[in-house]
Amino acid sequence: MLTQKQIRYCLDVMGNMFPDAHCELNHENPFELVIAVALSAQCTDALVNRVTKDLFRKYQTPEDYLAVSLEELQHDIRSIGLYRNKAKNIQKLCQLLIDEYGGEVPRDRDELTKLPGVGRKTANVVVSVAFDIPAIAVDTHVERVSKRLGFCRWKDSVLEVEKALMKKVPMEEWGLTHHRMIFFGRYHCKAQRPQCEICPLLELCREGKKRMKVKQK
DNA sequence: CTCCCGATAT
DNA sequence: ATATCAGGAG
């Protein structure tokens with residue numbers, strides 16, 4: 001486990017590597033962001049953007065998604081994985097937004113989590129990106145980077161990773177930290193071929209040093 | 001824990 | 001051929 005000071009150093013380095021880290025899911029309002037993040041489960045954001053380009057032209061309000069059949073919505077997002085569940089969730093979610101929230105996206109993490117297809121990670125993205133409320137969404141990248149670098153324990157659950165990060169990073173930096181870790185994980189500390197050879201954090205990365213040793217043989 | 005699931009990189 | 005992708009629900 002790294003010290004708080006070492007973690008701070010790592011996050012600064014990530015910030016220098018990716019000074020423009022931001023949300024890469026295209027959206028123009030909170031509603032579009034909810035749809036985009038719900039679609040993004042187990043799927044690259046590049047693919048989500050490709051689908052939402054036409055999707056957001058055709059559907060602008062919760063009512064729009066409910067005006068078509070489930071089959072039609074499935075067809076409109078069929079190039080995305082898990083499209084049957086996602087189409088069903090989107091229609092239920094839209095109905096709930098109309099019935100319980102006046103057609104608006106709630107500005108509260110726990111209320112968002114009540115929406116079908118919206119779990120803790122998705123809700124954290126929405127409050128953080130759309131409403132600028134401090135949160136750290138732990139996705140596959142944040143979890144992988146946290147564990148490789150030693151921001152948390154290897155066996156930590158996703159929720160435990162989130163708690164560890166919230167404890168060790170000042171609240172006003174949660175949003176920025178989240179995006180820096182995403183970019184670092186997506187473009188540098190990748191799942192399949194991490195760039196340990198050129199990594200500025202190799203010296204204090206337990207996983208990186210282990211990997212470099214194995215490569216020597 | 002399993003299932004959902006197409007697109008892409010390796 | 002297999003692993004992975006801004007996960008969530010049962």
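Chain letters run A, B, ... following the sequence lines, proteins first and then strands; every chain starts at 1. Every value quoted in this text rests on a predicted model; they were computed, and no experiment measured them.
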Discussion item. Once side-chain contact (heavy atoms from CB on, under 4.5 Å) is applied, do any residues pair with F18(A), and if so which ones, sequence neighbours excluded?
Written reply: A21(A), F183(A), F184(A), Y187(A), H188(A)
Please report, rounded to the nearest Å, how far the [atom2] atom of [N] is from the [atom1] atom of [X].
X       : N      : atom1 : atom2 : answer
I35(A)  : dG8(C) : CD1   : C1'   : 15 Å
E24(A)  : dC5(C) : CD    : P     : 14 Å
E162(A) : dA6(C) : CD    : P     : 19 Å
L39(A)  : dG8(C) : CG    : P     : 13 Å
N89(A)  : dC4(B) : CG    : P     : 14 Å

Discussion item. Can you pull out the residues from residues 165-173 of chain A that lie within a 4.0 Å heavy-atom distance of DNA chain C?
Written reply: none
Worksheet, complete the sentence: In numerical order, the residues of residues 128-146 of chain A whose heavy atoms come under 4.0 Å of DNA chain C are D139(A), T140(A), H141(A), R144(A)
Discussion item. With clusters defined by side-chain heavy atoms of hydrophobic residues (ILVMFWY) lying less than 4.5 Å apart, directly or transitively, does V158(A) cluster with W174(A)?
Written reply: yes
Worksheet entry | Of residues 110-126 of chain A, the positions that come close to DNA chain B - non-hydrogen atoms, cut-off under 4.0 Å | none
Discussion item. Are D108(A) and V127(A) packed together at the side-chain level, in the sense that at least one heavy-atom pair is separated by less than 4.5 angstrom?
Written reply: no
Response to the item:
Of R180(A), R8(A), K168(A), the one forming a salt bridge (charged side-chain N to carboxylate O under 4.0 Å, His left out) with E173(A) is R8(A)
Worksheet item: In the hydrophobic clustering (ILVMFWY, side-chain contacts below 4.5 Å, transitive), which residues join I98(A), or is it alone?
Response: L66(A)
Worksheet item: Is K92(A) reaching over with its side chain to a backbone N or O of P116(A), donor-acceptor style, under 3.5 angstrom?
Response: no
With a 6.0 Å cut-off (strictly less than), is the heavy-atom count around [atom1] of [X], excluding the residue itself, greater than 12?
X       : atom1 : result
K147(A) : NZ    : yes
R153(A) : CZ    : no
D99(A)  : CG    : yes

Worksheet item: Taking atom P in both dT10(B) and dA6(C), what distance in whole Å separates the two?
Response: 13 Å
Fill in: Lys/Arg-Asp/Glu bridge criterion (N-O < 4.0 Å) met for E207(A), K210(A)
yes
Worksheet entry | Protein proximity profile, nucleotides 5-10 of chain B - base contact B, sugar-phosphate-only contact S, no contact -, cut-off 4.0 Å on heavy atoms | BBSS-S
Item to complete: Scan side-chain atoms only and decide if D110(A) and T113(A) contain a donor-acceptor pair under the 3.5 Å cut-off.
Response: no
Worksheet item: NZ/K167(A) to CD/E160(A) distance, rounded to the nearest 0.5 angstrom?
Response: 12.0 Å
Worksheet entry | Residue pair F31(A), Y65(A): steps toward the side chain to side chain contact (heavy atoms under 4.5 Å, CB included) verdict | CA-CA 12 Å; F31(A) 179 59; Y65(A) 286 97; 3.6 Å; yes
